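A short write-up of the structure that comes next.
By convention in this document, chain letters (A, B, ...) are assigned in the order of the sequence lines, proteins followed by strands, and residues within each chain are numbered from 1. In this text the structure is predicted, and so the values were computed from the model without any measurement.
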2 protein chains.
Amino acid sequence: MQIHVMQGGLESFLDRLQRATTLEDLYRATEDLRDRYGVFHVVYHWVNSVGERYGAGTYSTEWVDRYLDRDYLMIDPVIFGCYSRFHPVDWKELDWSTKASRAFLEDAIAHGLGNQGVSIPLHGPKGQFALFTVNDSCSDVSWDMFKQLNLRDLILIAHDFNKKALELEQAADPAPRAALSPRELSAMTLLAKGMSRAQAAQELSISEHTLRVYVETARHKLGALNTTHAVARALSAGLIVV
Amino acid sequence: MQIHVMQGGLESFLDRLQRATTLEDLYRATEDLRDRYGVFHVVYHWVNSVGERYGAGTYSTEWVDRYLDRDYLMIDPVIFGCYSRFHPVDWKELDWSTKASRAFLEDAIAHGLGNQGVSIPLHGPKGQFALFTVNDSCSDVSWDMFKQLNLRDLILIAHDFNKKALELEQAADPAPRAALSPRELSAMTLLAKGMSRAQAAQELSISEHTLRVYVETARHKLGALNTTHAVARALSAGLIVV
DNA sequence: TTCTCCCTCCCCAGAAATGGGGAGGGGGCG
DNA sequence: CGCCCCCTCCCCATTTCTGGGGAGGGAGAA
């Protein structure tokens, strides 16, 4: 039974990750990790704050293309299962009961993936979502031991991957929009909580006309096209909590 | 120069944290950590998926009451500064330029807080937000060394605190609502992105009447009072990304 | 075979939202 | 002192949303 632990220091790896400046650097880092741990695959996959998807990992180009062509994103239990979780998820914990998901898994293994996998979900402050995945082919006993030895380091590595990805996203972002005033935030929050404009005005002890001014000003600051859009943007930007 | 590292094993602490079943247990764990690290305060503060706020930490009841009475939540740079970040934040990195924030800090120190602090933001899958904070009183040199020695373990500890808090929340939650159908999700997504109903219908190649059915059905499934509320709930539940 | 859910489409009347416009007072910063 | 932003309030006409209701076909699972 061969047990994999990281060759070389966590420290030196994280130092180099910190110096990454491009998506290519993140890709190189996943290759480095795959080699250091001696596993089949390491993948960092993320969705930024406007829903754009990115991947940096060691899956073959053939498999990535096939995944996209067949719209496996709509089937993959790893995506949906992890999206609603916070802590690392072993692939065995996921729901593989549908025919489509089992066919998907068979197809994945036929294209170079291993039978074991663990994915670490990462949620960003503005709705970003990322998955850091390690995939290998070995027995259950080996896999359990691998996780026990390495999972904490992998959480820290995933954390730093995500930090770096958010930095890269922020570097590419346009200048942030004007902040909302407290009353504008309150107006957005009350509408997000389901109040009508009349109810929100009453709650704030102001007239509906006044509330309307706050809603309209907030909407313009957020660059939104209508009130629903404004609320959606405020939530996504982490400006309000519903 | 006294350097603090954790007394006793990280492993045994995390094992005990895993067995926590109440908020009181989380509180006890923060006391345990404060003593093990030999710092002034350890606090875990979180906002669940419906905006309810909870705290488990070693601040004095007097300070907590004062914080709430004076509505310091609206001033505290730690809250706003960390809410939009992903990685741990030293309090010195925050914006203390306003008179109110400086007065707040003086008041905090006068009520038992130390001059040094680091907060680890944690974002959950359904809009939950938590802060894991360590606070102490020492020189900058000591504090930098403390962080260098302990920050990775603190990230893992914060992670497990958050996992436990989310478990406690989920245990208290009512049964999840019915899932939205693909078309309902598409309707919600397009409205969240700012399209009018007419535009969304055109985008999906269906009539406005049909889109209306999806919007209304989704709204009922989400238990929302109007369309804006439905979109807000879908976003908060992590069902859609804008 | 039956049942359930999804997808598709239509109706009317009343209420609410939207797109513009107008206005004044107070506080804080340069 | 002047400027900017926040908070407060009002107007009209048009468009959109909402609260109910109706209907039928297809696919998949039990």
Side-chain angles (χ1 to χ4, degrees), chain A residues 74-75 95-103 176-233 239, chain B residues 74-75 95-103 176-233 239:
Chain A
M74 300 304 297
I75 298 170
D95 177 15
W96 298 94
S97 60
T98 67
K99 270 186 172 179
S101 62
R102 290 198 296 273
R177 291 191 176 275
L180 300 189
S181 74
R183 282 309 229 194
E184 288 162 0
L185 288 170
S186 296
M188 288 292 102
T189 300
L190 294 176
L191 293 182
K193 289 184 177 211
M195 284 188 189
S196 64
R197 290 185 177 204
Q199 292 171 318
Q202 191 173 21
E203 175 75 16
L204 295 175
S205 306
I206 58 178
S207 78
E208 284 189 52
H209 307 288
T210 302
L211 188 101
R212 167 113 189 266
V213 171
Y214 294 145
V215 172
E216 292 305 306
T217 311
R219 186 168 66 77
H220 278 101
K221 286 180 177 179
L222 291 161
L225 299 168
N226 54 48
T227 301
T228 300
H229 193 197
V231 166
R233 283 198 155 198
L239 296 173
Chain B
M74 300 305 297
I75 298 170
D95 177 16
W96 298 94
S97 60
T98 67
K99 270 185 174 180
S101 62
R102 290 197 296 270
R177 290 190 178 277
L180 300 190
S181 75
R183 282 311 228 192
E184 288 162 0
L185 288 171
S186 296
M188 289 292 102
T189 300
L190 293 177
L191 294 181
K193 290 184 177 214
M195 286 188 189
S196 65
R197 290 184 177 207
Q199 290 171 318
Q202 191 172 22
E203 176 76 16
L204 296 175
S205 305
I206 58 178
S207 77
E208 286 187 50
H209 307 288
T210 302
L211 188 102
R212 167 113 190 267
V213 170
Y214 294 146
V215 172
E216 292 304 307
T217 312
R219 186 168 67 77
H220 278 100
K221 286 181 177 178
L222 292 161
L225 300 168
N226 55 48
T227 301
T228 300
H229 193 198
V231 166
R233 283 198 154 198
L239 295 172

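- Taking atom CG of B/Leu180 as the reference point, atom P of C/dC5 lies 14 Å away to the nearest angstrom.
- Of the candidates C/dG19, D/dC10, D/dC7, C/dG19 carries the atom nearest the A/Glu216 side chain, counting heavy atoms from C-beta on.
- For A/Arg183, whose side chain is taken as the heavy atoms from C-beta onward, the closest listed nucleotide among C/dG19, C/dC9, D/dT8 is D/dT8.
- Considering only the side chain of A/Arg212, C/dT18 comes nearest among C/dT18, C/dC11, D/dC7.
- The distance from atom CG of B/Leu191 to atom C1' of D/dT18 is 14 Å, rounded to the nearest whole Å.
- For A/Thr227, a side-chain nitrogen or oxygen approaches OP1 or OP2 of C/dT18 to under 4.0 Å.
- Remark: C1' of D/dC9 and NE2 of A/His209 are 7 Å apart, rounded to the nearest angstrom.
- The nucleotide whose nearest atom lies closest to any side-chain atom of B/Arg197 is, among C/dT8, D/dC7, D/dT18, D/dT18.
- For the OP1/OP2 pair of D/dC10 and a distance below 4.0 Å, the side-chain nitrogens and oxygens of A/Ser207 include at least one atom meeting the criterion.
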What verdict does the side-chain contact (heavy atoms from CB on, under 4.5 Å) test give for A/Val215 and A/Met188, after you've listed the backbone C-alpha separation in whole Å, the side-chain angles of each residue and the deciding distance to 0.1 Å? CA-CA 7 Å; A/Val215 172; A/Met188 288 292 102; 4.3 Å; yes

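- For B/Val213, counting side-chain heavy atoms from C-beta on, the closest listed nucleotide (C/dT8, D/dT8, C/dC7) is C/dT8.
- Considering only side-chain atoms of A/Ile206, the nucleotide from D/dC7, D/dT8, C/dT8 that sits closest is D/dT8.
- Rounded to whole angstrom, the span from the CE atom of A/Met195 across to the C1' atom of D/dT18 amounts to 19 Å.
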